[in-house]
Amino acid sequence: MTHNPEVRNAVILASGYGRRMKRKERFPSKPMTPINKKPLISYVIDMLIEGGIEKIYIVYHSVTADVLKLLDYSACYAKYLEFIEEDVQKGTLLTFSRVKDYISPPFLMTFEDIVAGKSDFVNMLDLGKRNIAKDADLIIQTVSEPSILSEKAFLTEQGRVVRYKKNGIVDEASAAQRKKYGGMVYLWLSNPFSLMDRYLSEQNYKFSSFLEEYIQNHTVYEMPINDMWDIDTSEAVMLTEELLEKWGDWNAGIE
């Protein structure tokens, strides 16, 4: 297969309830939770724009409808963002399927609650794009030692992702394999929707189940990053604010 190395479009899944955040009020929703005076979702938006993405589709639900206020937060967002509302929220895979009629490979898919350094993120995307020539179907972000540990674990071997488990890999890897964390950014180079349709027809809305099978039957590479994590709890919010203050990487923002 031959792929266009230009990756111009991205999807952000932002319709989750965010129950682990233990918010006392409905709004702000998890995507709009303030992190050092910036909405949480704005961090990944700014990273995507910094990485050369021209169109960002945000899938949201009524519980996260305040993401529409992003257009008030930054004047520049209007030319990048398009919003897709889903009426029923049953699982990540169903949410992902909402973009089927809007986008085709190559494209990035990510989540509303991730944080990394902007330059680190751009370098990761550049590494990912280099694997396009290897006839990969999918390229997944990985990190060896995230500042906040992820539940999602992978086994990699010579740059290939060979196994995935949502709740971690507990058995020993071979000498040639490395355990990584991540699964927060996906560069889709082949169409994922045919396999996805089968899962949805069986009323299986778990992205983790879909991803396990996809990795087993497709060519999947990794794009390593020095540090990246997702923010699922109020404790993670506080730690993230401390880490970002130390980095100083986000002081300027996006013009």
Asks: Do we see a donor-acceptor contact under 3.5 Å between the side chains of Tyr199 and Glu213?
Replies: yes
Asks: For a side-chain contact (heavy atoms from CB on, under 4.5 Å) with Ile215, tell me which candidate from Val162, Val220, Asp137 qualifies.
Replies: Val220
Asks: Hey, does the Lys NZ or Arg CZ of Lys152 hover above the aromatic six-ring of Phe111, less than 6.0 Å from the centre and inside 45° of the axis?
Replies: yes
Asks: Side-chain polar contacts of residues 204-212 - donor-acceptor pairs under 3.5 angstrom, sequence neighbours left out - could you list them?
Replies:
from	atom 1	to	atom 2	distance (Å)
Asn204	OD1	Lys206	N	3.1
Glu212	OE1	Lys165	NZ	3.4

Asks: Taking side-chain contact (heavy atoms from CB on, under 4.5 Å) as the definition, give me every residue that meets it alongside Pro224, ordered by chain and number, with sequence neighbours left out.
Replies: Leu127, Thr142, Glu222
Asks: Output yes when Lys246 and Glu242 qualify as a salt bridge under the 4.0 Å nitrogen-oxygen rule, no when they do not.
Replies: no
Asks: Examine the side chains of Ser15 and Thr64 and answer whether a donor and an acceptor come within less than 3.5 Å of each other.
Replies: no
Asks: One thing to verify: whether Asp46 and Lys118 come together as a salt bridge, which I'm taking to mean a side-chain N less than 4.0 angstrom from a carboxylate O.
Replies: no
Asks: I want to check something: taking the side chain as every heavy atom from C-beta on, are Met238 and Thr233 in contact at a cut-off of under 4.5 Å?
Replies: no
Asks: Do the side chains of Val11 and Leu200 join up, straight or via other hydrophobic residues, at under 4.5 Å, putting them in one cluster?
Replies: yes
Asks: Do the charged groups of Glu82 and Lys55 touch, with an N to O distance under 4.0 Å?
Replies: yes
Asks: Whether the Tyr43 and Asn36 side chains hold a donor-acceptor pair (N or O, under 3.5 Å, no angle test) is what I'd like checked.
Replies: no
Asks: Report yes or no: do Thr156 and Gln177 form a side-chain donor-acceptor pair below 3.5 Å?
Replies: no
Asks: Please report the interatomic distance OG1(Thr110) to CD1(Ile45), rounded to the nearest 0.5 Å.
Replies: 11.0 Å
Asks: When Tyr214 is tested against each of Trp188, Phe96, Tyr164 for ring pair (Phe, Tyr, Trp, His ring centres under 6.0 Å), which residue passes?
Replies: Trp188
